[in-house]
Amino acid sequence: MSFSIEDSQNSAPGSISVNKLGAGRKGPDAGQNAAKRLQTELMQLMTSPAPGVSAFPSADGNLLSWRATIEGPDDTPYAGLTFKLSFEFPSNYPYAPPTVLFRTPIYHPNVDFSGRICLDILKDKWTAAYNIQTVLLSLQSLLGEPNNASPLNGEAAELWDKDPALFKTKVTDRHRDVEDE
Amino acid sequence: MYQPETAAYIQQVSSGYGIAHSLPQYTFEETPLGLSSGGGGSGSGGGAVGGGSYGASGHSHGLGGPGTAGAGGGAGAPGAGLAGALIYTTPIFSTTRGTVGPASGLGAGPFHFHQQAQHHHNGHNQNVNHNHIHAQNHNTIATHHQSVSPHSAVKMESNTDDLAAQEAAARDYQPQPEGPLVGPKTPSTAITEEYAKGDPIYVQKTMALPQTYSHYRPIRGDGSCGWRAIGFGYFETLINRGDKALILAEKARLESLNDYIEKVGGMVLFIFQDMADETFALLQKISETLDDRKQALADLMDAFNEPQISDSIVYHLRLLASAWLKGNREPYADFITSDRGIDGYCESNILANHREMDHISLNLLVDVLLKPTGFVLEVVYLDRSAGPQVNTYRFPEEARNQHPSALGPMIHLLFRPDHYDILYPVDMDLQVHRVASFSHNFQIAPDPVALQDYAAPDLQVLSVIPGYSAPPPGLAPLVDATTGSPLTSYTSSPGSPWMSSPFADPTHQQHQHQAPPAPIPISAPAVVPLQAHPLRFSEYCQLREYTDNDTWREPTFQTTTFKNSHFNVAHYNNPNFQPEEYKPGADEFENLSPRSGGGRKRGSV
């Protein structure tokens with residue numbers, strides 16, 4: 001009789017596919033979609049670059065790790081300075097935001113001394129419709145329009161309004177060129 | 001249909017809901033005071049206060065923290081202090097629990113901690129407690145704490161640190177959503193059980209739920225559940241329609257909407273091309289495997305549980321809804337309160353990752369995805385609103401006040417505050433099967449009479465054998481089981497719908513070969529009149545509706561997954577279904593359910 005076969009599949013109704021659920025194509029090609037998306041973005045950045053920002057995958061050939069630069073906008077304390085940043089993309093990018101750090105030391109109300117950035121679109125306001133270029137442009141505008149209501153660097157937030165000249169000095173003092181890794 | 005036992009639930013409810021029995025004890029164990037004298041008292045006191053207050057104290061535990069800390073420091077909120085005063089239980093007063101008990105419900109959060117401190121008092125000075133029980137002012141209590149028992153105040157402060165740490169941990173805690181992105185179809189009685197100890201309104205509503213919706217499909221609560229549920233329901237409904245042309249037409253329609261997303265939605269194509277492509281690829285895939293509905297559904301499940309594909313499709317839906325809003329600002333403008341207008345709303349409420357679907361988004365997605373196809377969305381709201389049953393609303397609005405038969409295929413969602421799951425109405429399996437059977441020739445039974453009468457003649461043939469006495473009714477199927485032929489499983493399935501005539505003759509012949517001395521003509525079975533069942537499979541075979549009506553045929557309660565197996569819960573929809581009683585040790589138990597043999601067989605063809 002075929003009962004032996006039947007019994008071996010004697011799972012509760014509706015539960016058969018539980019095992020299958022985890023058995024998707026998770027392991028090997030995790031990050032493959034992210035890499036595909038990043039390749040598209042790279043192409044986009046090269047064909048239609050935005051002024052003042054640039055980005056490129058880091059030299060080690062890992063597409064999930066990028067280096068970027070932002071030029072300080074004119075009419076801000078950062079004018080004439082260039083800032084280097086690092087982008088680390090999660091394997092489920094663009095469904096999770098990249099981790100973005102300032103590698104160049106920067107004196108800014110929304111950046112701490114380790115280069116960590118407080119920007120809502122890099123946290124809970126992230127959407128998959130953003131991309132490297134929009135992030136860089138947002139960061140560029142953050143340089144000229146800091147959010148002083150929620151500072152990471154309280155002193156900078158205070159000085160921004162109180163003493164622009166001292167702020168500018170601190171910016172210049174803190175800025176240092178960093179070597180590429 | 002499984003009917004939950006009313007009595008059982010009521011009992012549980014009356015014993016108090018949301019009880020975390022371990023909670024008070026946990027708190028006491030953690031007390032750093034190590035009270036030897038008060039420890040026992042606190043344990044029994046905590047236990048004796050009764051179920052009513054436990055749930056409350058458990059929930060507001062963290063909230064009550066700061067107030068408690070203030071009590072120790074001497075500057076707490078008056079409210080918390082009052083609660084604390086009322087809660088004091090001493091060995092003396094524990095005998096008058098009746099008066100203290102009800103008030104303790106108000107105490108909620110600070111409850112445990114005050115008790116700790118207070119028990120400490122017990123050790124030092126019983127008289128103080130008399131004062132405390134009358135104290136109505138929080139500051140008074142705090143003073144007592146400090147003056148009479150400085151030690152306890154110190155300990156309270158150490159609790160403050162714990163609390164601060166706990167609060168910080170609670171603040172930083174990111175709940176990890178559990179379970180598959182799209183779970184398996186589950187009997188909705190599971191929801192009833194889930195709420196059995198909950199609020200009476202939920203208990204009542206969830207008990208009524210399985211009568212209308214037999215199954216539900218859990219969706220992972222990661223913030224995209226509403227989008228994912230509608231997306232999955234859309235694909236599943238397309239599969240169940242079984243119309244390949246419709247799927248391809250939908251694919252073409254959504255492809256044409258790429259332009260809409262780009263022009264009206266203001267998205268750059270390269271950003272969303274990959275996401276939309278996943279939707280199109282899945283539509284293409286299910287259109288190809290549509291003939292094998294089971295395979296198509298399996299493909300759908302796989303795709304929706306593969307995070308990359310699933311998230312892409314969900315995001316594509318978000319993009320569609322967002323573009324639709326930008327293209328139809330008029331009707332929605334007044335409902336959008338975002339200070340950044342419609343564009344800002346799209347960015348922060350529709351497109352933001354894992355942002356839960358709100359009512360506007362739901363309407364938008366229905367309008368852009370379901371309405372043009374004629375699909376209707378019905379949302380069942382399981383909340384604390386009054387009424388014995390859940391409230392349901394249909395989208396689009398035109399579909400309300402219309403009879404379901406006048407509407408297109410319906411996707412059902414279960415909404416619990418902040419979460420969506422998919423629901424399946426009771427007769428879903430049946431409908432699905434009917435649709436499927438049209439596309440599978442083999443499931444159309446050629447002759448109902450022949451089917452109906454199929455197994456019975458065999459047995460009558462056997463009964464003609466000299467010395468062979470017909471077995472008692474209950475054991476009848478054993479005769480089939482003992483023959484051991486793989487084909488016999490067909491004969492033992494009287495209601496099996498896919499038994500077609502080509503199978504009939506070989507089986508019969510085999511049967512007769514195996515029944516030792518019975519050279520009876522093959523044509524014999526056909527002569528047996530339908531009404532004259534010589535042998536009953538069950539008492540129900542003799543019911544008038546079975547015997548008087550020649551055209552009657554057992555309806556097929558099947559799903560593709562379980563076929564006709566007795567494990568198939570679709571059989572519960574059979575009005576004549578009679579659960580088999582399990583008797584441990586009765587070997588014939590297995591043999592009494594021979595029908596599944598047929599199902600197995602069929603599945604392997």
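Reminder, nothing fancy here: chain letters follow the sequence lines and each chain counts from 1.
Here the CG-CH2 distance, from B/Asn353 to A/Trp126, works out to 8.0 Å after rounding to the nearest 0.5 Å. Atoms CG and OG, from A/Asp124 and B/Ser348 in turn, are 10.5 Å apart once rounded to the nearest 0.5 Å.
Listed by sequence position, A/Thr127, A/Ala128, A/Ala129, A/Tyr130, A/Asn131 are the residues of residues 127-158 of chain A in contact with chain B, using a 4.5 angstrom heavy-atom cutoff. Residues of residues 262-277 of chain B lying under 4.5 angstrom from chain A, judged on non-hydrogen atoms, are B/Met267, B/Phe270, B/Ile271, B/Asp274, B/Met275 in numerical order. For residues 162-171 of chain A, a heavy-atom distance under 4.5 Å to chain B picks out no residue at all.
Contact of A/Pro97 with chain B is not made at all, since no heavy-atom distance falls under 4.5 Å. Proximity to chain A (any heavy atom under 4.5 Å) is shown, for B/Ser312, by both the backbone and the side chain.
Listed by chain and number, the residues in a ring-ring contact (aromatic ring centres under 6.0 Å, His included) with A/His175 are A/Phe83 (sequence neighbours excluded).
With a 6.0 Å radius and a threshold of 12 heavy atoms from other residues, nucleotides or ligands, A/Arg174 has its CZ atom above the threshold. Within a 6.0 Å radius of CG in A/Asp173, more than 12 heavy atoms belonging to other residues, nucleotides or ligands are found.
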- Task: Before giving the answer on side-chain contact (heavy atoms from CB on, under 4.5 Å), spell out for A/Asn33 and B/Glu278 the whole-Å C-alpha distance, their side-chain angles and the decisive distance to 0.1 Å.
- Result: CA-CA 11 Å; A/Asn33 287 40; B/Glu278 294 290 3; 3.5 Å; yes
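Remark: the backbone N or O of A/Ala34 is not paired with any side-chain donor or acceptor of B/Gln308 at under 3.5 angstrom.
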